[in-house]
Student: 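The following block contains the structure, expressed as structure tokens.
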Amino acid sequence: MRWWDIETVLELEKDLFPEDAWSRGMFWSDLAHARGPEATRRYLVAVDTTAEAERIVGYAGLAAAGDLADVQTIAVAREHQGTGLGGRLLTELLRAATDFECAEVMLECRIDNVRAQKLYERFGFEAIGFRRGYYQPGNVDALVMRLTDPSTSVAGTQGTETNG
């Protein structure tokens, strides 16, 4: 993901997460740490090249600090959900966590987003707790999940199709 993708990503963000969409500033802030020798973030977009006009149909981001990574976001356009795109985005984030030499990957997932939870479980994430009222303003709880050793999870997903 680059700065020129932000406007399109924001449109998708607002469609998929209307109550708790990220702001332009949040994306700018994370992208500021995604380049150069001291990079601590990895953001990517998925582009549909089969349509008349190429368009972004998914995006994902990861932050790393020391030996811990955190999945910041994964989003897939509604018409591409169930195609495996979420799994491919997650695979790339886990590769980035491995490149950052992270021993664990954490994430928060809306408690009512069962589809995402199942995706994460297929990659080896385990539920470890809750964050009450984490998603605002809807006051929706988050399920906290952890994956130990992302390098083995990425290796285990080679050649498999995942829905997400």
Side-chain angles (χ1 to χ4, degrees), residues 1-51 53-110 113 115-117 119-120 122-125 131 134-136 142-147 149-151 153-155 157-158 162-164:
M1 183 186 301
R2 301 299 295 264
W3 64 267
W4 53 80
D5 296 322
I6 291 176
E7 290 307 314
T8 305
V9 165
L10 282 172
E11 290 173 19
L12 192 51
E13 177 84 2
K14 290 174 186 168
D15 177 51
L16 296 170
F17 312 112
E19 289 186 354
D20 47 20
W22 278 32
S23 68
R24 180 177 291 103
M26 291 169 77
F27 281 108
W28 270 102
S29 177
D30 267 15
L31 286 179
H33 300 282
R35 297 274 185 262
E38 302 296 318
T40 58
R41 307 287 192 277
R42 175 76 169 115
Y43 274 77
L44 39 111
V45 293
V47 178
D48 181 354
T49 58
T50 63
E54 292 184 359
R55 69 182 188 91
I56 293 173
V57 295
Y59 55 91
L62 179 99
D67 67 350
L68 182 65
D70 190 76
V71 173
Q72 300 293 292
T73 187
I74 295 181
V76 174
R78 295 179 197 284
E79 67 273 15
H80 288 269
Q81 292 177 2
T83 66
L85 180 55
R88 291 189 298 276
L89 289 168
L90 183 55
T91 295
E92 290 305 314
L93 293 184
L94 296 178
R95 282 193 181 109
T98 300
D99 291 345
F100 284 129
E101 299 180 354
C102 295
E104 292 183 323
V105 179
M106 306 288 291
L107 61 82
E108 293 90 14
C109 178
R110 287 177 63 108
N113 191 344
R115 179 181 221 147
Q117 292 169 34
L119 169 68
Y120 300 136
R122 283 196 304 270
F123 278 76
F125 281 85
R131 292 183 193 253
Y134 182 77
Y135 293 98
Q136 294 296 328
L143 178 65
V144 180
M145 301 182 84
R146 176 179 59 206
L147 172 67
D149 196 358
S151 66
S153 182
V154 171
T157 61
Q158 297 293 332
T162 56
N163 292 321

Student: Please give me the minimum heavy-atom distance between Pro150 and Leu147, naming the atom from each residue.
Tutor: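 So the minimum-distance heavy-atom pair works out to CA-CD2, 3.9 Å.
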
Student: Write down the atom of Gly87, the atom of Leu119, and the distance for their closest heavy-atom approach.
Tutor: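 Minimum heavy-atom separation between Gly87 and Leu119: CA-CD1, 3.8 Å.
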
Student: Do Val105 and Phe123 make a side-chain contact, defined as non-hydrogen atoms from C-beta onward lying under 4.5 Å apart?
Tutor: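 A side-chain contact is absent here, since even the closest heavy-atom pair is not under 4.5 Å.
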
Student: Using 0.5 Å steps for rounding, measure from the OH atom of Tyr135 to the SG atom of Cys109.
Tutor: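 Going from the OH atom of Tyr135 to the SG atom of Cys109 covers 6.0 Å.
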
Student: Indicate yes or no: at least one non-hydrogen side-chain atom of Thr73 is less than 4.5 angstrom from one of Met26.
Tutor: no

Student: Calculate, to the nearest 0.5 Å, the distance between atoms CG and CG belonging to Leu107 and Leu90 respectively.
Tutor: 8.0 Å

Student: Taking all heavy atoms of Ala46 and all of Leu89, pick out the closest pair and write down the distance.
Tutor: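 Answer, listing the atom of Ala46 first, then Leu89: CB-CD2, 4.3 Å.
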
Student: Just list the side-chain donor-acceptor pairs under 3.5 Å for residues 56-71, sequence neighbours left out, or say none.
Tutor:
{"residue": "Tyr59", "atom": "OH", "partner": "Glu13", "partner atom": "OE1", "Å": "2.2"}
{"residue": "Asp70", "atom": "OD2", "partner": "Gln72", "partner atom": "NE2", "Å": "2.7"}

Student: If you apply the rule side-chain contact (heavy atoms from CB on, under 4.5 Å), what do you find for Arg115 with Val76, and how did you get there?
Tutor: CA-CA 12 Å; Arg115 179 181 221 147; Val76 174; over 6 Å; no

Student: Distance check, rounded to the nearest 0.5 Å: Asp5 atom CG versus Leu12 atom CG?
Tutor: 11.5 Å

Student: With a 4.5 Å cut-off on side-chain heavy atoms, are Leu31 and Ile6 touching?
Tutor: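 When only atoms from C-beta onward are counted, Leu31 and Ile6 do touch, with a gap below 4.5 Å.
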
Student: To the nearest 0.5 Å, what is the distance between OG1 on Thr98 and CG on Leu93?
Tutor: 11.0 Å

Student: Applying side-chain hydrogen bond (donor to acceptor under 3.5 Å, both in side chains), can you list everything that pairs with Arg110, at least two apart in sequence or on another chain?
Tutor: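 Residues passing side-chain hydrogen bond (donor to acceptor under 3.5 Å, both in side chains) with Arg110: Asp20, Asp112.
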
Student: Glu108 versus Val144: any side-chain heavy-atom pair under 4.5 Å?
Tutor: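 Answer yes - side chains close enough.
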
Student: What do you reckon, is CD of Glu101 surrounded by more than 12 foreign heavy atoms closer than 6.0 Å?
Tutor: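 At most 12 heavy atoms, drawn from other residues, nucleotides or ligands, come within 6.0 Å of this atom.
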
Student: Do any N or O atoms from the side chain of Ser29 and from the backbone of Gly25 form a donor-acceptor pair under 3.5 angstrom?
Tutor: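 Looks like no, no N/O pair under 3.5 Å.
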
Student: Evaluate the criterion side-chain contact (heavy atoms from CB on, under 4.5 Å) for residue pair Leu85 and Arg88; output intermediate values, then yes/no.
Tutor: CA-CA 5 Å; Leu85 180 55; Arg88 291 189 298 276; 3.8 Å; yes

Student: Throw together a table of side-chain donor-acceptor distances under 3.5 angstrom for residues 35-43, partners on residues two or more places apart or in other chains.
Tutor:
{"residue": "Arg41", "atom": "NE", "partner": "Asp30", "partner atom": "OD1", "Å": "3.3"}
{"residue": "Tyr43", "atom": "OH", "partner": "Asp30", "partner atom": "OD2", "Å": "2.3"}

Student: When rounded to the nearest 0.5 angstrom, what is the spacing between CZ in Phe17 and CG in Asn113?
Tutor: 7.5 Å

